[in-house]
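Report on one structure; see the data block that follows.
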There are 2 protein chains.
Amino acid sequence: MQLGEGIEWALHCCTVLALVPEGRALPASRLAEFHGVPPAYLAKHLQAMAQAGIVESVPGRRGGYRLARAAQDITLLDVVHAVEGRAPAFRCTEIRRRGPAAQASSAYRAPCGIHVAMQRAEDAWQRELAAQTVADLLRHLATSVTPVAVRRAGEWMQEAVR
Amino acid sequence: MQLGEGIEWALHCCTVLALVPEGRALPASRLAEFHGVPPAYLAKHLQAMAQAGIVESVPGRRGGYRLARAAQDITLLDVVHAVEGRAPAFRCTEIRRRGPAAQASSAYRAPCGIHVAMQRAEDAWQRELAAQTVADLLRHLATSVTPVAVRRAGEWMQEAVR
DNA sequence: GTCCCTATACTCGGATAGCAAGTGTCCGAGTATAGGCGG
DNA sequence: CCGCCTATACTCGGACACTTGCTATCCGAGTATAGGGAC
């Protein structure tokens, strides 16, 4: 199992977008430059987040992206769902119904035990993701980033949203 | 994010192998026929489980596969690790160190908050998988499978390990 | 009748193609801005 | 001096190649078995 790296980009972008001044927007190209990632490909993921209602796009000359709602109302699960899709990681193809020992469909009213077990683990994963928001990420940043880095990032932001 | 379907096959195979009489072995071709899956491809996953020490392979004419240890000592996490590998789903590429606001390496002693958050969710997933064993799957089967299916599967098993 | 040997048939194991999804890139449609023009 | 209009430059958005990993398959190496022969 492998999670696309777009998830990492998207989450970092959310933390940066949370620091954009009210009423402004940050272009995708600036976000890409800030993180050192391919601009065109990052745009793809930003579009997915815009469609999911996590960020909103501002068209036009001084346009860009900004958060569509407060940082504390954006869970990590929202971001993962937007970028990776809502398809479950484990897909039960009901192979228990195939083969020589197969029964009539009516014999399979009880759900597949393996499906239930895997779903239980996936629920725990999603629960943990839903319990954390972008605001939590910002709090963690506030306690770990050096003051000089804060100042430099602030200057870059003012330049970027000019 | 998508989990390979080999996981489903592997788990079903574990439940079937747990019912193999002591001292016998079940060929991969029989397992494939029982589940209605491609024999050659299933063999690939069985080899992975054999390398991981979950099942053991018996060579020769009346050879096949059997569980390498008791069903209660095989967790779902063991199977997932064997088939899907031990690589974490979320891979942090430390993009926070790139771009205009980058600092010296010494400034990044604190771990990346996003990495920590995703790891927390993944730990919850693994914890849930590690808490369930193949024996639990068998217990679930015992309460949900009809008596006629049990009989038919037993007959098939006797024929298969002959 | 018993033991040994050999040929066999069946098993696993790794090396080899095909395909789908993730990765990366590009160019066109649309819009707020900035400058110029007229009143 | 103020308002309007137009051209512009910048933005997002979706359509188009490429690469990696999953899916699927095959054939060769190895071994326990079954049968036949010798003693």
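Residue numbers start from 1 in every chain, and the chains themselves are labelled A, B, ... in the order their sequence lines are given, proteins ahead of strands.
- For the pair B:Lys44 NZ and D:dC26 P, the interatomic distance rounds to 14 Å; values are reported in whole Å.
- Side chain of A:Arg61, nearest nucleotide from C:dC26, C:dG14, D:dC10: D:dC10.
- The distance between atom NE2 of A:His45 and atom P of D:dC12, rounded to the nearest whole Å, is 15 Å.
- Taking atom CD on B:Glu5 and atom P on D:dC22, their separation rounds to 12 Å, with Å as the unit.
- Both A:Gly4 and B:Ser29 lie close to DNA chain C; mapped to their nearest nucleotides by heavy-atom distance, the more 5′-ward contact belongs to B:Ser29.
- Between the CG atom of B:Leu42 and the C1' atom of D:dT25 there is a distance of 13 Å, rounded to whole Å.
- The A:Gln47 side chain lies nearest to D:dG13 when the options are C:dG14, D:dG13, D:dT25.
- Atom pair B:Arg62:CZ and D:dT31:C1' shows a separation of 14 Å (rounding to whole Å applied).
- B:Arg66 comes within contact range of no nucleotide atom at all, as no heavy-atom separation falls under 4.0 Å.
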Just list the side-chain donor-acceptor pairs under 3.5 Å for residues 72-90 of chain B, sequence neighbours left out, or say none.
from	atom 1	to	atom 2	distance (Å)
B:Thr75	OG1	B:Leu77	N	3.4
B:Thr75	OG1	B:Asp78	N	3.1
B:Thr75	OG1	B:Asp78	OD1	3.4
B:Thr75	OG1	B:Asp78	OD2	3.0
B:Asp78	OD2	B:Arg69	NH2	3.2
B:Asp78	OD2	B:Thr75	N	3.1
B:Glu84	OE1	A:Met1	N	2.3
B:Glu84	OE2	B:Gly4	N	3.1

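- Using a 4.0 Å heavy-atom criterion, one finds that A:Gly6 contacts no nucleic acid atom at all.
- At a threshold of 4.0 angstrom between heavy atoms, the contacts of B:Ala25 with the nucleic acid are absent.
- Rounded to whole angstrom, the span from the CD atom of B:Gln2 across to the P atom of D:dC22 amounts to 12 Å.
- Put simply, B:Ser57 has a side-chain N or O that comes within less than 4.0 Å of OP1 or OP2 on C:dG13.
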For the pair A:Trp125 and B:Gln126, evaluate side-chain hydrogen bond (donor to acceptor under 3.5 Å, both in side chains) and give the outcome as yes or no after the intermediate values.
CA-CA 9 Å; A:Trp125 182 66; B:Gln126 293 198 2; over 6 Å; no
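- In this structure, the CZ atom of B:Arg24 is 16 Å from the P atom of D:dA32, given to the nearest Å.
- Classified by interplanar angle (parallel below 30°, tilted 30° to 60°, perpendicular above 60°), the ring pair B:Trp156/B:Phe34 is tilted.
- The nucleotide whose nearest atom lies closest to any side-chain atom of A:Pro27 is, among D:dT23, C:dG24, D:dC12, D:dC12.
- We find that CE of B:Met1 is positioned 13 Å from P of C:dT23, with the value rounded to whole Å.
- Of the candidate nucleotides D:dG13, D:dT23, D:dC10, D:dG13 has the atom nearest to the side chain of A:Tyr65.
- Here the closest non-hydrogen pair linking A:Ala160 and A:Leu26 is CB-CD1, 3.5 Å.
- Side-chain contact annotation: B:Glu8 with A:Thr93, donor-acceptor N/O pair under 3.5 Å present.
- Of the side-chain N and O atoms in B:Tyr41, none sit less than 4.0 angstrom from OP1 or OP2 of C:dT16.
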